[in-house]
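This report refers to the structure that appears directly beneath it.
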Amino acid sequence: MTLRSDTATTPSTTRAPGALDRLIGRFQSGKPGPTLVCFGGIHGNEPAGVQALEAVCESLEKQDMKPEQGTFIALRGNLPGLLHKVRYIDQDLNRIWRRDTMEWIRSKPAPERNREENELVELYEWVWEILEQHQPPFYFIDLHTTSSETLPFITINDAVINRKFSSLFPVPVILGIEEYLEGPLLSYINELGYVSLGFESGQHDDPEAVRCAEDFLWLSLAYSGLWPEEAFPELGQRLIRLREAAEGDHHFYEVFHRHGLEDASGFRMVRGFKSFQKVDKGKLLAHDQGQPVYMRKKGMLFMPLYQKQGEEGFFLIRRTPSWALRFSAWLRRFRFQDILVALPGVKWASKGSDTLLVDLRIARFFSKPIFHLLGFRSRRKDRTHLVLTNRERAARNPDYQGLFWFERRSTRPD
């Protein structure tokens, strides 16, 4: 099957003296099996993921540990950003993975691209080289940290394969953030149908964030099937440490509000807030362009911004009940999402698409909770229409069938 129209090329790893290499490590068994791809430093001011990948790869090399099956690949993300220790140089590399934007960027001559655009092109080539030269099942993990204090947590696009795999890890899982972000790397990969998740290991410069990321990576190497769990004697202890770092919280949460920023330089979060903190209605949260921002109703704060670069001041989240997770998985199993086009005011954007167009002048009965149960995330196209994207239609479930985590009924860790 052809995965893209242009011919795959092996990405170049030639670097100027003193520059960083893209590739941190590649470990191949020589046998068919899963492919695990991990990115660190997509944001250049988040070095913990890179440091954790370097430590894991160094340990594997020292012990000469090849996977029992499949391939593990570790990559650095924004190389100029990492060198300058900033989130990005010209634009946020984790906000430009939209198909129309990517096509335009890739069509430009290299000298006309900015630095993040060149990074996107090279990472794109790496992703497709991996997809075309290695075998499923594929797993993609993007390692991040936050500017605020936080528990370690996972973010996923809401497909059942992502839910099931992420539920193996004893940390909170955040659904729906893709509804509020434009162009993350993992959203693009998830559109291709593969398991993809982001892991936020802690605060940017906290040494504990590196340790959490390392623990998460070792668990990922085992859970993806590259190595048997018994190959890593400390795996049980790593699981316990990760659970303790998350303070026993392994619930699913959903984003329901984003405080977007037009100019981050004019935003100042009140000091002392952290992710997963419960905040009462009326609490002063921040000042945006000199105007106070208050908590509109009681809720839970998520990823408050304490840095000079960024497009989101903070998010609000709420816990997703277990029954809702089970019910939505059941609905998707029997493809209830495909029935929506029989309703007035609802149609597919194009034949074979995973995107719906909803005319709100006709389909006024729709609400976000209905969309979310069926795996849709919405964006407003204009005053009268919504664009709904469904991850389940793209999900390559057959690639993962038969794996222990896919066959588990529960979306909770034991």
Side-chain angles (χ1 to χ4, degrees), residues 9-28 35-62 71-97 102 105 110 113-131 133-134 138-146 155 183-189 196-202 204-207 209-214 216-218 220-221 307 309:
T9 59
T10 301
S12 171
T13 56
T14 302
R15 296 285 167 208
L20 293 172
D21 285 332
R22 177 78 61 201
L23 182 65
I24 300 173
R26 187 196 298 253
F27 299 84
Q28 300 183 93
T35 304
L36 172 63
V37 184
C38 296
F39 305 92
I42 292 293
H43 289 141
N45 65 331
E46 301 176 17
V50 174
Q51 293 168 16
L53 285 168
E54 290 170 345
V56 169
C57 290
E58 183 179 356
S59 179
L60 291 172
E61 288 173 356
K62 282 183 176 180
T71 302
F72 167 48
I73 298 172
L75 300 172
R76 294 181 180 87
N78 190 338
L79 302 184
L82 286 165
L83 282 170
H84 291 85
K85 300 180 180 180
V86 294
R87 182 179 174 95
Y88 57 85
I89 305 293
D90 298 309
Q91 64 184 130
D92 195 328
L93 178 58
N94 209 33
R95 297 293 184 271
I96 54 176
W97 290 83
M102 292 165 61
I105 290 172
R113 301 183 195 126
N114 67 36
R115 278 162 287 195
E116 272 74 29
E117 289 174 344
N118 278 316
E119 293 299 286
L120 178 142
V121 171
E122 187 169 323
L123 284 167
Y124 175 93
E125 292 298 331
W126 270 99
V127 168
W128 281 99
E129 181 264 345
I130 289 165
L131 292 175
Q133 296 189 17
H134 297 276
F138 288 98
Y139 302 84
F140 291 87
I141 294 175
D142 190 11
L143 300 171
H144 285 267
T145 50
T146 66
T155 60
L185 165 63
L186 290 184
S187 286
Y188 169 69
I189 293 173
S196 55
L197 57 90
F199 180 63
E200 305 266 359
S201 60
H204 291 337
D205 298 318
D206 187 350
V210 179
R211 191 180 77 167
C212 275
E214 286 185 49
F216 184 86
L217 286 168
W218 287 109
S220 299
L221 294 174
Q307 60 189 28
Q309 291 179 315

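A quick note: this is a predicted structure, and the numbers were derived from the prediction, not measured. Worth knowing before you read on, the calculation uses all heavy atoms, side chains too, and leaves out hydrogens, waters and symmetry mates.
Under the 3.5 Å distance criterion, the side-chain polar atoms of R76 are matched with a main-chain donor or acceptor of D21. Panel note: side chain H134, backbone I130; no donor-acceptor pair is recorded below 3.5 Å. In this structure, the side chain of R113 engages the main chain of I105 through a donor-acceptor pair within 3.5 Å. Checked by atom type and distance alone, the side chain of Q91 never pairs as donor or acceptor with a backbone atom of E116 at under 3.5 Å. In this structure, R26 contributes its side chain and F72 its backbone to no donor-acceptor pair below 3.5 Å. Looking only at distances, no side-chain donor or acceptor of E46 sits under 3.5 Å from a matching main-chain atom of H144. Without hydrogens or angle criteria, Q51 side chain to V210 main chain gives no donor-acceptor distance under 3.5 Å.
Rounded to the nearest 0.5 Å, atoms CD (E117) and CG (D90) are 8.0 Å apart. To the nearest 0.5 Å, atom CD1 of residue I141 and atom CZ of residue F216 are 4.5 Å apart. Here the NE2-CG distance, from H84 to L79, works out to 12.0 Å after rounding to the nearest 0.5 Å. Of the inter-residue distances, the one linking L186 atom CG with F140 atom CZ reads 9.5 Å to the nearest 0.5 angstrom. Going from atom CD1 of I24 over to atom CD1 of I73 covers 12.0 Å, rounded to the nearest 0.5 Å.
Counting heavy atoms from C-beta outward, R115 and Y88 have side chains that stay 4.5 Å or more apart. Contact annotation: the side chain of L131 never approaches that of T35 to less than 4.5 Å [non-hydrogen atoms, C-beta and beyond]. Looking only at side-chain heavy atoms (C-beta outward), I89 and N114 stay at 4.5 Å or farther from each other. Two residues are said to be in side-chain contact when any heavy atoms from C-beta on lie closer than 4.5 Å; V56 and F27 fail this criterion. You'll find the side chain of S220 stays beyond 4.5 Å of the side chain of F199, heavy atoms only.
In plain terms, the two heavy atoms of L93 and I96 that are nearest each other are O-CG1, 3.6 Å. Counting all heavy atoms, side chain and backbone alike, L75 lies closest to V37 at CD1-CG1, 4.3 Å. In terms of heavy atoms, L143 sits closest to G49 at CD1-O, 3.6 Å. Shortest non-hydrogen contact noted between C57 and G25 is SG-CA, 4.0 Å. Scanning all heavy atoms of the two residues, the minimum distance from I189 to S196 falls at CG2-CB, 4.1 Å. Minimum interatomic distance between A52 and A213 (heavy atoms only, all atoms of both residues): CB-CB, 3.5 Å.
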Chi angles and distances behind the side chain to side chain contact (heavy atoms under 4.5 Å, CB included) call for L123, R22: CA-CA 9 Å; L123 284 167; R22 177 78 61 201; 3.8 Å; yes
Candidate pair N78 and R87, rule side chain to side chain contact (heavy atoms under 4.5 Å, CB included), full reasoning: CA-CA 9 Å; N78 190 338; R87 182 179 174 95; over 6 Å; no
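The aromatic rings of Y124 and W128 sit tilted, their planes meeting at an angle between 30° and 60°.
With hydrogens and angles left out, the side-chain atoms of Q307 and H204 include a donor and acceptor closer than 3.5 Å.
Checked against F39 for a side-chain contact (heavy atoms from CB on, under 4.5 Å), the options L53, L185, V50 give a single hit: L185.
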